[in-house]
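Note that these values count all heavy atoms, side chains included, but never hydrogens, waters or copies made by symmetry.
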Amino acid sequence: MGKNIKEIIASYNDELVAIRRKLHKEPELSWQEFKTTQFVCDYLEQLNIPYRKTEPTGVIADITGGKQGKTVALRADMDALSVYELNRELEYHSQEDGKMHACGHDAHTAMLLIAAKALNEIKDELEGEVRLIFQPAEEVATGAKEMVRQGAVESVDNVFGIHIWSQIPSHKIQCAPGPSFASADLFKVIFKGRGGHAAMPHDTVDAVMIASSFALNVQTVVSRTVNPLRPAVLTIGKMEVGTRFNVIAENAVLEGTVRCFDVETRQHIEAQIHQYAEQIAAIYGGTAEVEYNYGTQAVINDKDSAELARQVIEQSFGEESYYLDDPTMGGEDFSFYLDKVPGCFALVGCGNAEKDSQWAHHHGRFNVDEDTLKVGSELYVQYAVNFLKRNN
């Protein structure tokens, strides 16, 4: 069957590229993927694959094999980002100014649709069932949790996901056991001082000074209070303070993110942010309010699932295709599926400087080496087929 799958995917390559380009031209933001959802539904309907829409967007479908067995789920996300595309020379560049598939979710959806077509073609040989999850709102870290709530992994025995990855060379695939993506939390700190005239600082509590001191000192939470053997990142990405050059600011708002791989470190950093904010504000005579929101959890690949993925990668694409690298501090809400069932998450390399596809994710120049799309589609299929075969 392995050779058959490769040939089937290769025969659909032109269609695969065309689907990806269509989706790329028509990006939709998180929880607004209505046209994309309908496109997926129409495509599945043509294949006579039963599906149901989730609310407000998203699709869950099932392909039932010719033999009874377990169920494996395959997931692709669908949402775009609020990024202006700089690749204006591309015929298929975004037609929605300020919106762009700058993270490859268009590729993921296209790859899973073609994988669905291939799996449907060989369904009589499947030893179980394949669940297809077309997920909205990954970029705001709420889509997977909602899909789980609406039954995406009910009766599922294993789950597998793919992310196109421009920081890995094209045709290389990473899927190691253990940590893959970090948890990704969001925080906001609101400082309140007492505003006044810039010429009379002694009558004020300057929110600029409070916010600046916090921004500098809070970095020592990681450098001086976290075990250096436990990776962690604390970044302040946004600061709003002041209204005019000669007015001492009364309020300041800072927003940032925390990334790490274990719950203990996560909780420690949250507590330290509260402590630093409150005590630094008090030093200057102001007050602090902290809002800390848990986002995605760390993606920890199940050992057995990752080992199966490694074997599939080496057998299907050659031993040289299996790629090992450090985990990323990026976040991925695939973690919410892994809370419910074992599984793993693979990174399919699409970085190729000759094709200008080496740009970082979320950049306006981000693009995909389209020769790697068929790798992702085949990997979806091969993982599903091999999981069902080995677990029945």
Side-chain angles (χ1 to χ4, degrees), residues 1 5 9 33 36-37 39-55 57-78 105 108-138 143-163 175 299 301-302 304-306 308-309 312 332-346 376-392:
M1 187 184 285
I5 291 170
I9 296 295
E33 311 93 337
T36 306
T37 294
F39 177 79
V40 169
C41 291
D42 292 343
Y43 193 88
L44 295 173
E45 204 160 298
Q46 291 174 9
L47 298 174
N48 292 316
I49 296 175
Y51 68 87
R52 65 178 174 92
K53 291 183 182 180
T54 50
E55 295 297 333
T57 54
V59 184
I60 298 172
D62 291 292
I63 298 174
T64 302
K67 304 173 185 176
Q68 288 189 341
K70 293 192 174 182
T71 299
V72 59
L74 306 176
R75 176 270 207 165
D77 40 17
M78 307 189 299
H105 298 187
H108 305 163
T109 302
M111 293 187 306
L112 188 54
L113 283 173
I114 291 301
K117 190 171 187 176
L119 285 163
N120 198 50
E121 195 167 316
I122 61 170
K123 65 181 179 181
D124 290 344
E125 301 174 61
L126 294 178
E127 299 177 30
E129 189 168 295
V130 181
R131 171 79 45 83
L132 308 171
I133 303 171
F134 294 90
Q135 180 204 307
E138 188 281 327
K145 186 182 291 186
E146 183 58 26
M147 294 296 276
V148 169
R149 191 188 71 81
Q150 295 190 43
V153 290
E154 285 181 7
S155 304
V156 167
D157 299 291
N158 193 273
V159 60
F160 179 67
I162 290 176
H163 206 303
C175 190
V299 175
N301 285 336
D302 170 65
D304 291 340
S305 301
L308 171 61
V312 167
E332 235 296 342
D333 73 354
F334 188 79
S335 56
F336 293 113
Y337 300 113
L338 295 179
D339 281 347
K340 302 297 182 181
V341 294
C344 59
F345 194 67
S377 276
E378 183 181 343
L379 183 57
Y380 272 132
V381 177
Q382 297 281 19
Y383 184 91
V385 167
N386 280 274
F387 174 83
L388 295 177
K389 185 184 299 183
R390 298 183 190 195
N391 288 276
N392 288 308

Rounded distance (nearest 0.5 Å) linking atom [atom1] of [X] with atom [atom2] of [Y]:
| X | Y | atom1 | atom2 | value |
| --- | --- | --- | --- | --- |
| Glu129 | Asp157 | CD | CG | 10.0 Å |
| Phe160 | Phe334 | CZ | CZ | 8.0 Å |
| Asn120 | Ile63 | CG | CD1 | 5.0 Å |
| Glu138 | Glu33 | CD | CD | 11.0 Å |
| Lys67 | Lys389 | NZ | NZ | 9.5 Å |
| Lys117 | Ile9 | NZ | CD1 | 10.0 Å |

Practice item. Go through the steps to decide whether Val299 and Ser335 satisfy the test side-chain contact (heavy atoms from CB on, under 4.5 Å), and finish with yes or no. Key: CA-CA 5 Å; Val299 175; Ser335 56; 4.0 Å; yes

Flag the pair [X] / [Y] as yes when at least one side-chain heavy-atom distance between them is below 4.5 Å, and no otherwise.
| X | Y | answer |
| --- | --- | --- |
| Thr37 | Pro136 | no |
| Val385 | Leu126 | yes |
| Tyr380 | Leu119 | no |
| Asp304 | Pro342 | no |
| Phe39 | Thr109 | no |
| Glu127 | Gln68 | no |
| Ile114 | Tyr43 | yes |
| Asp77 | Glu332 | yes |

Considering all heavy atoms, the nearest [X]-[Y] contact:
| X | Y | result |
| --- | --- | --- |
| Leu379 | Ala346 | CD2-CB, 4.1 Å |
| Leu338 | Cys344 | CD2-N, 4.0 Å |
| Leu44 | Ala116 | CD2-CB, 4.4 Å |
| Ile49 | Ala61 | CG2-CB, 4.0 Å |
| Ala118 | Val381 | CB-CG2, 4.2 Å |
| Val59 | Met147 | O-CE, 3.8 Å |

Practice item. Quick one: do Tyr337 and Gln135 satisfy side-chain contact (heavy atoms from CB on, under 4.5 Å)? Show the steps, please. Key: CA-CA 11 Å; Tyr337 300 113; Gln135 180 204 307; 2.7 Å; yes

Practice item. Before giving the answer on side-chain contact (heavy atoms from CB on, under 4.5 Å), spell out for Glu45 and Tyr51 the whole-Å C-alpha distance, their side-chain angles and the decisive distance to 0.1 Å. Key: CA-CA 8 Å; Glu45 204 160 298; Tyr51 68 87; 2.7 Å; yes

Check your understanding: Sub-3.5 Å donor-acceptor pair from the side chain of Ser377 to the main-chain atoms of Met111, do we have one?
Key -> yes

Review point. Is the side chain of Arg131 donor-acceptor paired with the backbone N or O of Ile60 at a distance under 3.5 Å, no angle test?
Key: no

Exercise for review: I would like to know whether Glu146 and Thr54 meet side-chain contact (heavy atoms from CB on, under 4.5 Å); could you show each step before the answer?
Suggested key: CA-CA 9 Å; Glu146 183 58 26; Thr54 50; over 6 Å; no

**Study point:** salt_bridge(Asp339, Lys145) N-O dist < 4.0 Å
**Key:** no

Check your understanding: Is the Phe345 ring parallel, tilted or perpendicular to the His163 ring (thresholds 30°, 60°)?
Key -> perpendicular

